[in-house]
*Asks:* 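What follows is a single structure, and I will ask about it in a moment.
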There are 2 protein chains.
Amino acid sequence: MSYKIKSRIWIECNEHVLLGEGRVQLLKAIDETGSLSKAAKTLNLSYKKAWNLIDSVNKSAKKPVTINSTGGKGGGGAELTEYGKALILVFDEINQNCWEFLDQQLGKIEDL
Amino acid sequence: MSYKIKSRIWIECNEHVLLGEGRVQLLKAIDETGSLSKAAKTLNLSYKKAWNLIDSVNKSAKKPVTINSTGGKGGGGAELTEYGKALILVFDEINQNCWEFLDQQLGKIEDL
DNA sequence: TATCGTTATATCTTTACAAATATAACGATT
DNA sequence: AATCGTTATATTTGTAAAGATATAACGATA
């Protein structure tokens, strides 16, 4: 069996984590469901954890990533800003590029 | 303050972790001290944890990474094999290349 | 065969983090 | 003003990882 190089990347701002793979996944689920609680449910994580993540995302980012509304029709909801949508697209792109880059480097290990 | 992209890479073999930053640091300390217990002490981690790490490294690698000797003059010791030395060199090289690659990608986020 | 400092291993304790639970606040709609 | 499903928040409980402690095994040396 041969070696594999794995990686995790994340974006920080002011020493605080803004985006990682888990947060991106959560943002995508919010985009699909229109609600933080539904997004948490589909990802099988507690509402509290999901809320903490989104709170941290919005506190770390330079511009709002989600708009959360409380009360009103349907009880409220959450949706991504245009900035948020752009962020997850770029994150995925960089992450994929990183994987491809690391795959290229794999030979250096197997040839030892 | 501006964004930063951070990363962790690690090498796996058969779904088991072979090398990560912590393990590389430990291997370097073994190389410098000639002993697993001394290496653990300098890195401020318990001997048990250090031993578990090295055990996992050697079980995951295709060829031995350290030679551990018990008993004898000085009580024994641990040293890196040539393969182990080569591995940590290559790991550091790939890791640094990855950082540089990610730094190049940073503009895509800042320009949003 | 007694000594030494190391590797090897088991067991218990503590602690930090995740999970579960409960409840308050919100505001458009009726 | 009563209702609804959501966001927001505090408090408690459970669990797994980390840490501490203890001890066995090892083998060259003297």
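Below, chain A is the first sequence line, B the second, and so on; all start at residue 1. Reckoned from all heavy atoms, side chains included, excluding hydrogens, waters and symmetry mates.
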*Asks:* Tell me, please, which residues at least two apart from Glu21(A) pass salt bridge (Lys or Arg N to Asp or Glu O under 4.0 Å).
*Replies:*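 In terms of salt bridge (Lys or Arg N to Asp or Glu O under 4.0 Å), with neighbours along the sequence ignored, Glu21(A) is linked to Arg8(A).
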*Asks:* For Gly74(B) and for Leu45(A), find the nucleotide of DNA chain C with the closest heavy atom, then tell me which residue's nucleotide is more 5'.
*Replies:*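 On the 5' side of the pair lies Gly74(B).
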*Asks:* Could I get the full list of side chain to side chain donor-acceptor pair (under 3.5 Å) partners for Asp92(A), not counting sequence neighbours?
*Replies:*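 Counting only residues at least two positions away or on another chain, Asp92(A) forms a side chain to side chain donor-acceptor pair (under 3.5 Å) with Lys28(A).
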*Asks:* Residues in salt bridge (Lys or Arg N to Asp or Glu O under 4.0 Å) with Glu110(A), at least two apart?
*Replies:*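 Residues passing salt bridge (Lys or Arg N to Asp or Glu O under 4.0 Å) with Glu110(A): none at all.
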*Asks:* Between Thr66(A) (side chain) and Leu80(A) (backbone), is there a donor-acceptor pair under 3.5 Å?
*Replies:*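 Checking the backbone N and O of Leu80(A) against the side chain of Thr66(A), no donor-acceptor pair under 3.5 Å is found.
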*Asks:* Across nucleotides 8-18 of chain C, 5' to 3', mark each nucleotide with B, S or - according to how protein heavy atoms within less than 4.0 Å reach it.
*Replies:* BS-B-------
*Asks:* Under 4.5 Å between side-chain heavy atoms, chaining through other members, with only Ile, Leu, Val, Met, Phe, Trp and Tyr counted: pull out the rest of the cluster around Val17(B), sorted by chain and number.
*Replies:*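 Noted: Val17(B) shares its cluster with Trp10(B).
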*Asks:* For residues 36-51 of chain B, pull every pair meeting side chain to side chain donor-acceptor pair (under 3.5 Å), keeping only residues two or more places apart or in separate chains.
*Replies:*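 Residue pairs with at least one partner in residues 36-51 of chain B: Ser35(B)-Ser37(B).
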*Asks:* For Leu53(B) and dA17(D), what is the distance between atoms CG and P respectively, to the nearest whole Å?
*Replies:*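 Distance check: Leu53(B) CG to dA17(D) P gives 14 Å.
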*Asks:* Could you list who else is in Ile67(A)'s hydrophobic cluster, with ILVMFWY side chains joined at under 4.5 Å, directly or through other members?
*Replies:*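 Besides Ile67(A), the cluster holds no residue at all.
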*Asks:* Check every strand shown and say whether Ser46(B) touches a base, only sugar-phosphate, or nothing at a heavy-atom separation below 4.0 Å.
*Replies:*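 The answer is nothing, as Ser46(B) stays clear of every strand by at least 4.0 Å.
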*Asks:* In residues 16-34 of chain A, which residues come under 4.0 Å of DNA chain C by heavy atom?
*Replies:*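 None, since no heavy atom is under 4.0 Å.
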*Asks:* Once side chain to side chain donor-acceptor pair (under 3.5 Å) is applied, do any residues pair with Ser60(B), and if so which ones, sequence neighbours excluded?
*Replies:*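 Applying side chain to side chain donor-acceptor pair (under 3.5 Å) to Ser60(B) gives none.
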